Amino acid sequence: MPQKTERLLEILYVSILEGDPASGVVAEIAKAARIANQQMEITGLLVFDGLRFCQQLEGKPSHIEALMERISRDTRHSQVRILHHGPLAQRRFRNFSLGYADLAEIDTLEKLGELEGEAAVAAFAQLPATLDLIS
């Protein structure tokens, strides 16, 4: 009997951090999000450059939509902009409930935030090769 294929949704967004968090606050947020994401079978990658977040989320459509709604209401995020929203054939980050990395080059995420759709996804997909990921 063929195995049923999981229907997946992928969202890639950028946002700007509101306020001036103490060092390590974003890493602590990522640590807490890993636990919640694991329970909801959400995988993805969060990149932070000291000012901007760029995050790719993947999982069941209802779970991803609910998480994106929470993120858009979170007062720590401003100027939330969805770069890509669409179906996903297979998980890109199946090994991470939430991979996390700091990015020293602030203009990388700024430039990525100017892209849309598949171009944004392709640019984001190239980042892990240059990052020190924390899983």
Side-chain angles (χ1 to χ4, degrees):
M1 180 183 217
Q3 185 178 358
K4 184 178 177 183
T5 304
E6 179 182 26
R7 204 172 130 232
L8 297 170
L9 175 67
E10 171 182 51
I11 290 181
L12 176 65
Y13 76 91
V14 291
S15 67
I16 294 179
L17 177 66
E18 274 302 308
D20 186 23
S23 179
V25 165
V26 175
E28 287 301 314
I29 292 169
K31 184 177 177 181
R34 277 190 195 103
I35 296 166
N37 287 0
Q38 212 167 26
Q39 293 171 349
M40 299 299 289
E41 298 178 348
I42 293 172
T43 53
L45 175 62
L46 171 66
V47 179
F48 180 64
D49 69 6
L51 174 64
R52 287 176 194 78
F53 295 100
C54 187
Q55 185 170 22
Q56 187 269 0
L57 300 165
E58 55 194 25
K60 294 178 183 176
S62 60
H63 294 169
I64 297 301
E65 296 285 2
L67 177 55
M68 198 61 227
E69 180 63 29
R70 283 193 304 276
I71 289 168
S72 66
R73 288 192 320 259
D74 189 325
T75 58
R76 296 172 291 195
H77 293 269
S78 69
Q79 301 179 38
V80 176
R81 180 168 179 258
I82 295 176
L83 305 177
H84 174 74
H85 178 284
L88 182 65
Q90 65 182 15
R91 291 177 188 265
R92 298 174 198 275
F93 299 102
R94 65 178 103 349
N95 296 329
F96 301 122
S97 59
L98 179 64
Y100 170 73
D102 285 320
L103 182 65
E105 299 172 22
I106 197 159
D107 59 335
T108 299
L109 293 186
E110 183 177 10
K111 289 176 185 173
L112 197 147
E114 295 170 2
L115 302 174
E116 291 184 354
E118 293 300 324
V121 171
F124 187 78
Q126 292 177 3
L127 287 179
T130 65
L131 300 173
D132 183 17
L133 293 175
I134 302 167
S135 59

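Please read all numbers here as calculations on a predicted model, not as lab measurements.
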Check: E18 and D74 side chains under 4.5 Å, non-hydrogen atoms: no
If two hydrophobic side chains count as joined below 4.5 Å and joins carry through other members, does L115 share a cluster with V14? no
Beyond-backbone contact of Y100 with R34, side-chain heavy atoms, under 4.5 angstrom: yes
Can you tell me how far apart CG (L112) and CG (D49) are? Round to the nearest 0.5 Å. 10.5 Å
To the nearest 0.5 Å, what is the distance between CG (L83) and SG (C54)? 6.0 Å
Quick one: CG on L88 to CG on L12, what's the gap to the nearest 0.5 Å? 11.5 Å
For the pair F53 and F48, name the ring-plane relationship: parallel under 30°, tilted 30 to 60°, perpendicular over 60°. tilted
Path from L103 to F124 over hydrophobic side-chain contacts below 4.5 Å: yes
Separation of L51 CG from L109 CG (nearest 0.5 Å): 9.0 Å
Return each pair, listed once, that meets side-chain hydrogen bond (donor to acceptor under 3.5 Å, both in side chains) where at least one residue sits in residues 79-92; pairs must be two or more places apart or across chains. E6-R91, E10-H84, E10-R92, T43-R91, E65-H85, R81-E116
With rounding to the nearest 0.5 Å, note down the distance linking CD in E58 to CG in N37. 10.5 Å
Remaining members of the apolar cluster that contains L57, side-chain heavy atoms under 4.5 Å: L9, I11, Y13, M40, I42, I64, L67, M68, I71, V80, I82
Go through V47 and R52 one step at a time and tell me if the side chain to side chain contact (heavy atoms under 4.5 Å, CB included) criterion holds. CA-CA 8 Å; V47 179; R52 287 176 194 78; over 6 Å; no
Does the pair R7 and K60 meet the rule for a side chain to side chain contact (heavy atoms under 4.5 Å, CB included), with working shown? CA-CA 6 Å; R7 204 172 130 232; K60 294 178 183 176; over 6 Å; no
Could you measure the distance from the OG atom of S78 to the CG atom of L17? Nearest 0.5 Å is fine. 8.0 Å
Nearest heavy-atom approach of A30 to L46 is CB-CD2, 4.3 Å
